[in-house]
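Ligands are counted one by one from 1 in listed order, and the atoms in each one are counted from 1 as well.
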Amino acid sequence: MRGVAVLGSTGSIGRSTLAVLRRQREHFRVVALTAGSNASLLESQRLEWNPDFAGLVGPGDASAPGGGPGVLIEAATHPAVDIVVNAVVGAAGLDATLAALRAGKRVALANKESLVMAGELVLEAAREGGGELVPVDSEHSAVLQCLAGHGGQLERLILTASGGPFREWPAERVQEATVEEALRHPTWSMGSKISVDSATLANKALEVIEAHFLYGLPYDRIEVVVHPQSIVHAFVEFGDGSVLAQLGFPTMELPILYALTHPVRLPDSGVPRFDPIAAGSLTFEPVRADLFRTFDLGVAAGRAGGTAPAVFNAANEAAVAAFLDRRIPFGRIADTIHAVLNAHTTQPATALAAVREADRWARARALEEMS
Ligand code: NDP
Ligand code: MG
């Protein structure tokens, strides 16, 4: 029986994780749960799972009794926890990723922002603490599944992207897209921040950076192709030219389960069974640079390295929050990130203080750009 902490249990990935664990009760015990602000859902989860620890981070007040950002660290390092599912959204997830890896836990990482902001520090924490990083992101899970037994010969990755709701829209119309239109994702049902990231393709840039750190590949060996059906999650090419892919109807429950059980598989009846005839034609097309400026900005930040990815991430978080608050139009998300990255002088990201300062600076700069 392995102990699991679910950070962000009230969100989309958190709730999917609990759905998986409900079917796998004989193998896992829920030891800790944390929520951001949804106290009532956390309470009903606490009644169902009876965890050793349940904590609400709350509205950023570290002195709140039983709350505050320390909640994430407490859950992530709880002695009875073997696996930390980090399903917090955004930069708020970084400290828990680092703490869990330093404490020797397996981190089932949905919070890709941790790795984007501080990839080198996250890998170092895993090395030093003996922790293990396993992706929840479906594309990266697909890569891990394809690599099983072939590790050393990885030549090239091709991550797929659905293309989001605006894939076929004229570029001018996308600039004025509404919040409702951006949240209407064609193939995946997700939290609002990642849904907007999927509409701008910022999400795919974050995933390219995530893949770079997870699989140690240079950026020119990580490619992205638009695949509107979201059936093929990634392609992996080996040194001999052979290509493997992992397929399935879109569901996060399979990659979540695999992150818990890797390198073995557990039987699970809850995942929709694949049917190639029902899946129909699988099509692939290039990323439209005119539509997805944010994607190019993010990949360029990844290539620049150092603090640039943290700056990209922070500017993106600030701009997406402003768009969701209806303070800026959709097209200003890319403009804002572009301006913030242009104003940034990249520093090495080998100390957490430098990453935090880059994150703070980029948010403040993004607010100036948007005012
Ligand atoms: P949601 O917005 O649905 O959930 C976010 C979770 O984080 C909620 O439990 C929320 O709590 C909690 N939270 C929010 N802010 C804070 C904070 N400051 N401190 C602590 N907890 C906080 O997002 P998703 O589940 O969609 O995504 C979570 C992560 O997983 C993201 O990094 C995303 O990129 C990644 N991911 C998501 C996928 C998906 O299909 N949804 C696929 C692949 C990756 P509350 O609701 O109580 O406020
Ligand atoms: Mg993904």
Inset, instruction - Examine distances only and state if a side-chain atom of Ser195 and a backbone atom of Gly191 form a donor-acceptor pair shorter than 3.5 Å. - result: yes

Inset, instruction - Apply side-chain contact (heavy atoms from CB on, under 4.5 Å) to Leu183 and Val196, showing your working. - result: CA-CA 6 Å; Leu183 293 181; Val196 177; 4.0 Å; yes

Legend entry - Within 6.0 angstrom of His338 NE2, more than 12 heavy atoms from elsewhere: no

Legend entry - Geometric N/O contact Met252 with ligand 1, under 3.5 angstrom: no

Inset, instruction - Ignoring hydrogens and angles, state whether a donor on the side chain of Thr350 or Glu120 is under 3.5 Å from an acceptor on the partner side chain. - result: no

Inset, instruction - Specify the protein heavy atom at minimum distance from atom 4 (O) of ligand 1: its residue, its atom name, and the distance to 0.1 Å. - result: Gly11 CA, 3.2 Å

Inset, instruction - Sequence neighbours left out, what passes salt bridge (charged side-chain N to carboxylate O under 4.0 Å, His left out) with Arg293? Give chain and number order. - result: Asp335

Legend entry - Asp137-ligand 1 polar pair, N/O distance under 3.5 Å: no

Legend entry - Protein contact to atom 14 (C) of ligand 1 [nearest heavy atom, distance to 0.1 Å]: Val89 CG1, 3.8 Å

Inset, instruction - Might you work through the side-chain contact (heavy atoms from CB on, under 4.5 Å) test for Val71 and Leu56, ending with a clear yes or no? - result: CA-CA 7 Å; Val71 156; Leu56 191 71; over 6 Å; no

Inset, instruction - Carefully, step by step, assess Arg22 and Trp49 under the rule side-chain contact (heavy atoms from CB on, under 4.5 Å). - result: CA-CA 9 Å; Arg22 215 169 269 127; Trp49 295 94; 4.1 Å; yes

Inset, instruction - Could you grab the distance from atom CG of Leu297 to atom CG of Leu341, nearest 0.5 Å is fine? - result: 6.0 Å

Legend entry - Nearest non-hydrogen protein atom, atom 16 (C) of ligand 1: Val88 CG1, 4.2 Å

Inset, instruction - Would you kindly specify which portion of Glu113 sits under 4.0 Å from ligand 1, judged on non-hydrogen atoms: side chain, backbone, both or neither? - result: side chain

Legend entry - salt_bridge(Arg365, Glu369) N-O dist < 4.0 Å: yes

Inset, instruction - Could you tell me the separation between the CZ atom of Arg102 and the OG1 atom of Thr97, rounded to the nearest 0.5 Å? - result: 10.5 Å

Inset, instruction - Would you check the N or O atoms of Ser12, main chain and side chain alike, for any that come under 3.5 Å of an N or O of ligand 1? - result: yes

Legend entry - Close N or O approach (Gly191, ligand 1; < 3.5 Å): yes

Inset, instruction - Answer yes when Glu139 and Lys204 have at least one side-chain N-carboxylate O distance shorter than 4.0 Å, and no when they do not. - result: yes

Legend entry - Closest protein heavy atom to atom 28 (C) of ligand 1, given as residue, atom name and distance to 0.1 Å: Ala87 O, 3.4 Å

Inset, instruction - Can you pull out the closest protein heavy atom to atom 34 (O) of ligand 1? Residue, atom name and distance to 0.1 Å, please. - result: Lys112 CE, 3.3 Å

Inset, instruction - Please indicate whether any nitrogen or oxygen in Gly36 is less than 3.5 Å from any nitrogen or oxygen in ligand 1. - result: yes

Legend entry - Atom indices of ligand 1 within 4.0 angstrom of Ala110 heavy atoms, with elements: 30 (O), 32 (O), 35 (C), 36 (N), 44 (C)

Inset, instruction - Looking only at distances, please establish whether an N/O atom of ligand 1 is found under 3.5 Å from an N/O atom of Ala92. - result: no

Inset, instruction - Applying side chain to side chain contact (heavy atoms under 4.5 Å, CB included) between Val116 and each of Val208, Ile209, Asn111, report the one that passes. - result: Ile209

Inset, instruction - Please determine if Asn203 has a nitrogen or oxygen closer than 3.5 Å to a nitrogen or oxygen of ligand 1. - result: no

Legend entry - Side-chain heavy-atom pair Val89, Ile194 within 4.5 angstrom cut-off: no

Inset, instruction - Mind listing the protein N/O/S atoms less than 2.8 Å away from the Mg ion (ligand 2)? Waters don't count. - result: Asp137 OD1, Glu139 OE1, Glu207 OE2

Legend entry - Protein heavy atom at shortest distance from atom 36 (N) of ligand 1: Ile194 CD1, 3.6 Å

Inset, instruction - Report the part of Asn38 (side chain from C-beta onward, or backbone N, CA, C, O) that has a heavy atom under 4.0 Å from ligand 1; answer both or neither where that applies. - result: both

Legend entry - Thr10 N/O under 3.5 Å from ligand 1 N/O: yes

Legend entry - Heavy-atom side-chain proximity of Leu157 to His212 below 4.5 angstrom: no

Inset, instruction - Before accepting this row, confirm whether a basic side-chain N of the pair Arg25/Glu48 lies closer than 4.0 Å to the acidic partner's carboxylate O. - result: yes

Inset, instruction - Give the residue, atom name and distance (to 0.1 Å) of the protein heavy atom nearest atom 25 (O) of ligand 1. - result: Ile13 N, 2.8 Å

Inset, instruction - Spell out, as yes or no, whether a donor-acceptor pair under 3.5 Å connects the side chain of Gln24 to the backbone of Pro267. - result: yes

Inset, instruction - Please write down residue, atom name and distance for the protein heavy atom closest to atom 20 (C) of ligand 1. - result: Val57 CG2, 3.5 Å

Inset, instruction - Say whether Met190, considering both its backbone and side-chain N or O atoms, lies within less than 3.5 Å of an N or O atom on ligand 1. - result: no

